[in-house]
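The structure appears right after this line, and notes come after that.
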There are 2 protein chains.
Amino acid sequence: MGLRIGIVGATGAVGQEALQLLELGALSIAEIRLFASVRSAGRVRSFRRETVRIEEISAERLAGLDYVFFSAGASISRQYAPAAVKGGAIVIDNSSAFRMAREIPLVVPEVNAKELGRHPGIIANPNCTAAILATAVWPLHQAAIVERIVVATYQAASGAGAKALAELDAQVRQYAAGEEIRRKVFPEQIAFNVFSHNTPVDDSGFNEEENKVAQEIRKIFGEPTLGVCATCIRVPVFRAHSEAVVLETRRKLSAEEAREILSHAPGVAVVDDRKANRFPTPLEAAGKREVLVGRLREDPSHPRALALFVSGDQLLKGAAWNAVQILELLAAG
Amino acid sequence: MGLRIGIVGATGAVGQEALQLLELGALSIAEIRLFASVRSAGRVRSFRRETVRIEEISAERLAGLDYVFFSAGASISRQYAPAAVKGGAIVIDNSSAFRMAREIPLVVPEVNAKELGRHPGIIANPNCTAAILATAVWPLHQAAIVERIVVATYQAASGAGAKALAELDAQVRQYAAGEEIRRKVFPEQIAFNVFSHNTPVDDSGFNEEENKVAQEIRKIFGEPTLGVCATCIRVPVFRAHSEAVVLETRRKLSAEEAREILSHAPGVAVVDDRKANRFPTPLEAAGKREVLVGRLREDPSHPRALALFVSGDQLLKGAAWNAVQILELLAAG
């Protein structure tokens, strides 16, 4: 009696990672169904020695599944997630569609797995930057109560999807070939440049990504008044996001104590070798399920602040791996 | 009656920029002398229609000049700057050798040009990251008194010299050619990666670059107790450093007021178009003498904090242009 699992957005970067994680995982799976737009329908993928044909998404086809991952953007989730729930499934939604809905849990398993006990059929998977930050900061919050987070990010191109990833590759090849560098996906050149996250900016001056990080961290932590100031920046990295973080805590945390806490924290790997100058990098974090944390140091400009640097794979802990963790917890009952 | 000017480190990235700025500038120059290691001696450079032969540096050859720029590393400055002063010159030193010496002014002209009135023959030019930060923050400090600076940097490869710049170029070409990416200058791969600044880390966990930024900002501002927490990170950008900054001020500054102040500030160009999502980038800052400032917004996590994003050419305002500004002020008496 295995599970019947669907993946909506199966040809996208996150969908492909989810499929691979399920393949490598221990879950007993009776049936896997892959959904995408009509463009990809008919293509095939292999899964545990079977060949799976990609189907065009429709409300009818989503019926009769136990769990459905959604990772095809907020509008697809809004359109089809309710149908999947009606058809009997629990939806794990990687889009932003339901994250801030009061009745829908927003879950990072290492932080608030208990929220999985009550849900209306949909569970939201957080924004990638928020999930990585939450995993690194939560153990310190439990120890010393974080009151304010100041974070500046170094976000990989692939956070904006496969086309953005291809644009970084193309621009670098244009550079190497001595050709003019052409822009299409990003408003600014991504090769050899950094720029403010390409989401709309509101009247306060913060962009959508920065607001997501702030709102989602507060919801995941269950701390509606937690102060967050985020600056979200794209960098010419293929995969994995990094974050320079300063935390202000109610109780002073020494770097030593923070290192000790994080070294036992689930989902975290401490990379903090001061002598060898070895700290988290996106290159090392890429492909890893753990969030790398290092550069732990007491901030001399505040009586109770701690600085750290975090790198995490935004397709894994920031998306597919977090979603698969949720599924595994739900399936384990 | 023109000036007699020497450049030590004339073949380095900063020395070449200084030579070009002098060439384009309005100063009356009677003689320009270029110094480098024995390796480069004998090569020639053109300057205002003259051909200048590069000389091997020696104490004797530095005699009889009015001004000498040093940009060949701290040990060369320590070895030869006193000789240049003895020989009658005023030294403008771009290395870290004398920056924190109490009797030597550390000058960003837009901030503390008045310090040029009293010096022992040597004037120190700040660290590139500190000079760019100082230019952007000083006008706000004057308006509202900055009490704490939290800054995360996005530093270009060329900040580590011409070999580092070449390594980014080489690694990207290796990638495009499908070859293995090789490291030599930086301890971590610089292409498609970000990493903690490659300077030694002290017992507090801060690296040398971060400590320079903190100490130098305090000295330039004349604010020995100003709180600074810096995280210095290398990014795969050829030229120009960027900085995500959060300032805590004694008096609350609105984003509006900060924009107004900065729009009139010397050495600063405001790039802050929220609708078009156009903000400072290193690509736009490269080759400009001004420091670009944008992303001005009130930090919701603090009653009196302001967030901003800065990009500045670390070879110009971060080095050669700041040094030439100092020379022009001294020459104008």
Side-chain angles (χ1 to χ4, degrees), chain A residues 148-152 154 168 172-173 175-177 187-189 191-196 198-207 214 226-229 231 233 235-238 242 244 246 255 272 274-283 294-302 305 307 309 311, chain B residues 148-152 154 168 172-173 175-177 187-189 191-196 198-207 214 226-229 231 233 235-238 242 244 246 255 272 274-283 294-302 305 307 309 311:
Chain A
R148 183 185 182 206
I149 302 175
V150 175
V151 55
Y154 303 71
L168 172 55
V172 157
R173 289 175 192 280
Y175 167 81
E188 305 277 358
Q189 179 179 317
F192 314 115
N193 199 19
V194 310
F195 54 85
S196 187
N198 52 306
T199 40
V201 177
D202 71 15
D203 288 342
S204 71
F206 286 88
N207 62 43
L226 175 62
V228 180
C229 181
T231 303
I233 302 291
V235 296
V237 163
F238 286 122
S242 302
V246 176
D272 197 41
R274 292 177 176 181
K275 274 197 182 140
N277 211 321
R278 212 181 132 256
F279 301 111
T281 66
L283 218 54
R295 298 282 346 254
L296 295 160
R297 57 214 200 275
E298 292 151 43
D299 172 355
S301 71
H302 189 281
F309 194 75
S311 294
Chain B
R148 183 185 181 206
I149 302 176
V150 175
V151 56
Y154 303 71
L168 172 56
V172 157
R173 289 175 192 280
Y175 166 81
E188 305 276 358
Q189 179 179 315
F192 314 115
N193 198 21
V194 310
F195 55 85
S196 187
N198 51 306
T199 39
V201 177
D202 71 15
D203 288 341
S204 71
F206 285 87
N207 61 45
L226 175 62
V228 179
C229 180
T231 302
I233 303 291
V235 295
V237 163
F238 286 123
S242 301
V246 176
D272 197 41
R274 292 176 176 182
K275 274 196 183 139
N277 210 321
R278 212 182 131 256
F279 301 110
T281 65
L283 218 54
R295 297 291 335 262
L296 295 160
R297 57 212 200 277
E298 292 152 42
D299 172 356
S301 72
H302 189 280
F309 194 76
S311 294

Of the backbone (N, CA, C, O) and the side chain (C-beta and beyond), which part of [X] lies under 4.5 Å from a heavy atom of chain B, both, or neither?
{"X": "A:Ser311", "answer": "neither"}
{"X": "A:Asp272", "answer": "neither"}
{"X": "A:Pro236", "answer": "both"}
{"X": "A:Phe206", "answer": "both"}
{"X": "A:Glu188", "answer": "side chain"}
{"X": "A:Val235", "answer": "side chain"}

Next item on the list: Show the numbers, then the answer: is there a side chain to side chain contact (heavy atoms under 4.5 Å, CB included) between B:Arg297 and A:Thr231?
Entry: CA-CA 10 Å; B:Arg297 57 212 200 277; A:Thr231 303; 2.7 Å; yes
Notebook entry, point to check: What are the two closest non-hydrogen atoms of A:Val150 and B:Val150, and how far apart are they?
Noted result: CG1-CG1, 4.2 Å
Margin query: Testing the basics here: between B:Asp203 and A:Arg274, what is the closest heavy-atom pair and its distance to 0.1 Å?
Written below: O-NH1, 2.6 Å
Next item on the list: Take the angle between the ring planes of A:Tyr175 and B:Phe238 and call it parallel below 30°, perpendicular above 60°, tilted in between.
Entry: tilted
Next item on the list: For residues B:Ile149 and A:Ser301, determine if any side-chain heavy atom of one lies less than 4.5 Å from a side-chain heavy atom of the other.
Entry: no
Notebook entry, point to check: Of the listed residues (A:Ile233, A:Leu296, A:Val151, A:Leu226), which shares the most heavy-atom pairs with chain B below a 4.5 Å separation?
Noted result: A:Ile233
Notebook entry, point to check: Which one, A:Ala177, A:Pro187, A:Ser204, A:Ala244, leads in non-hydrogen pairs under 4.5 Å with chain B?
Noted result: A:Ser204
Note to self: Given heavy-atom pairs under 4.5 angstrom as the criterion, report whether the side chain, backbone, both or neither of B:Ala305 touches chain A.
What the structure shows: side chain
Which of the residues [options] is involved in the greatest number of heavy-atom pairs with chain A at under 4.5 angstrom?
{"options": "B:Gly227, B:Pro200, B:Cys229", "result": "B:Cys229"}
{"options": "B:Pro300, B:Ala307, B:Ser242", "result": "B:Pro300"}
{"options": "B:Val237, B:Asp202, B:Val246, B:Leu168", "result": "B:Val237"}

Rounded to the nearest 0.5 Å, how far does [atom2] of [Y] lie from [atom1] of [X]?
{"X": "B:Arg295", "Y": "A:Asn207", "atom1": "CZ", "atom2": "CG", "result": "4.5 Å"}
{"X": "B:Phe309", "Y": "A:Phe195", "atom1": "CZ", "atom2": "CZ", "result": "11.0 Å"}
{"X": "A:Asn277", "Y": "B:Ser196", "atom1": "CG", "atom2": "OG", "result": "5.5 Å"}

Notebook entry, point to check: Just by distance, do the side chain of A:Asn193 and the backbone of B:Leu283 share a donor-acceptor pair under 3.5 Å?
Noted result: yes
